Amino acid sequence: MKTQPYKQDTGNLAYKVGVTLDRFIKSKQADFPFATGELSQILRDIALASKIVSREISRAGLSDVTGAFGQTNVQGEEQQKLDVVANVRFTRALTKGGEVCAVVSEEEDLVIDLQNSKGKYVVAIDPLDGSSNIDVNVSIGTIFSIYRRKTATGSPIKEEDVLQKGSEQVAAGYVLYGSSTMLVYSTGNGANGFTYERSLGEFFLSHPDLSMPEEGSIYTINEGLTPHINPNILSYLEACKRAGASARYIGSLVADFHRNLLKGGIYLYPATSQAPNGKIRLMYEANALAFIAEQVGGAASDGRQRILDIVPGSLHQRTPVYIGSKNMVKGLEKSLNG
Ligand code: FBP
């Protein structure tokens with residue numbers, strides 16, 4: 001039978017739409033030591049849930065998902081309806097995907113055992129980050145960490161499967177629900193960003209091989225905390241100001257982190273006299289962003305050590321967080337520890 005080779009159309013008629021997240025995951029699968037497609041499936045599950053959550057957020061004012069849900073979570077925080085919606089959407093997607101055996105969520109007191117005897121992975125997730133911004137149409141996000149379980153598949157979930165150091169993450173990332181919805185993730189070979197094309201229902205590679213400037217001119221802290229923090233941090237902030245740095249604070253960790261990743265800067269959530277371990281949760285906020293930060297050439301510290309070296313003692317433990325441009329984090333550690 002006569003055939004002809006496929007000729008790439010070079011005209012603008014059918015302009016290229018770019019690399020979809022799915023194709024990218026497939027193309028990078030070989031980079032991953034345990035490449036059997038399971039991790040790829042988990043990333044797809046997270047992408048699917050984030051598309052649904054992005055839709056819910058974008059139409060929140062038109063549907064009854066704004067405001068409080070009427071319950072408090074283990075942190076004693078009032079759950080927002082969208083917190084609960086996001087928690088259900090991500091947990092359901094990870095369950096249906098079939099590769100995860102347990103989920104640690106900001107919205108759940110205990111580890112969720114997905115009763116999945118073949119699941120090799122544990123996911124820690126902050127389904128909706130930036131709760132104070134949910135109902136005021138300011139950027140919010142989702143943060144996720146992926147670990148391989150330590151014990152044999154099918155055996156009961158043990159503490160060692162869940163309370164793993166951040167350096168044990170096999171993948172991590174975040175979704176930013178901002179002027180556009182973006183997903184940024186890493187499997188330990190650099191980090192890439194994808195933008196959601198709502199009309200096609202697809203994430204497309206928009207920010208390949210992300211890198212964070214080693215130096216920056218943005219500092220990000222809730223200034224309201226300053227009367228209650230270590231004076232050495234105040235001197236560091238004064239030095240930043242004298243060096244011409246600008247203050248930027250959205251109040252959603254994912255959005256503040258993402259801006260500083262692209263522009264250079266440092267996010268600080270220190271210990272305070274009221275909260276000696278700070279506010280940010282290690283397992284499903286700090287660890288994932290620290291993984292990304294290091295993959296793009298930045299740094300993440302609790303003031304004394306790498307966030308990724310912290311040995312977790314409990315699911316919802318908090319940690320002081322200094323994350324962003326490498327030289328700025330180093331400068332902060334120097335100010336803090338003299
Ligand atoms: P949650 O919203 O998921 O609880 O996350 C914590 C957080 O909202 C971060 O996103 C943000 O950076 C910080 O707390 C804001 O804290 P504060 O209101 O004290 O400035």
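Here the structure is a predicted model, which means the values were calculated and not measured. Counting starts at 1 for both ligands and their atoms, following the listed order.
The protein heavy atom nearest to atom 19 (O) of ligand 1 is Y269 OH, 2.5 Å. For atom 18 (O) of ligand 1, the nearest non-hydrogen atom of the protein is K279 NZ, 3.7 Å.
Using a 4.0 Å cut-off between heavy atoms, L128 contacts ligand 1 through its backbone alone, with no side-chain atom that close. Contacts between S252 and ligand 1 below 4.0 angstrom, taking non-hydrogen atoms only, involve the backbone exclusively. Looking at L253 against ligand 1, both its backbone and its side chain come within 4.0 Å, counting heavy atoms. Residue-level proximity to ligand 1 for R318 is absent, since no heavy atom of it falls below 4.0 angstrom.
Each of F144, F194, Y185, F257 was compared with Y174 under the ring-ring contact (aromatic ring centres under 6.0 Å, His included) criterion, and only F257 meets it.
Set against the non-hydrogen atoms of Y267, the atoms of ligand 1 under 4.0 Å away are 11 (C), 12 (O). The E285 neighbourhood of ligand 1 comprises atoms 1 (P), 3 (O), 5 (O), 6 (C), with distances under 4.0 Å to a heavy atom of that residue. For ligand 1, the atoms sitting less than 4.0 Å from at least one non-hydrogen atom of E106 are 1 (P), 3 (O), 4 (O), numbered in the order shown with element in parentheses.
Looking at S132 next to ligand 1, no N or O pair under 3.5 Å apart turns up. Below 3.5 Å of separation, one finds an N or O of Y249 facing an N or O of ligand 1. Considering backbone and side-chain N/O atoms, I280 never comes within less than 3.5 Å of an N/O atom of ligand 1.
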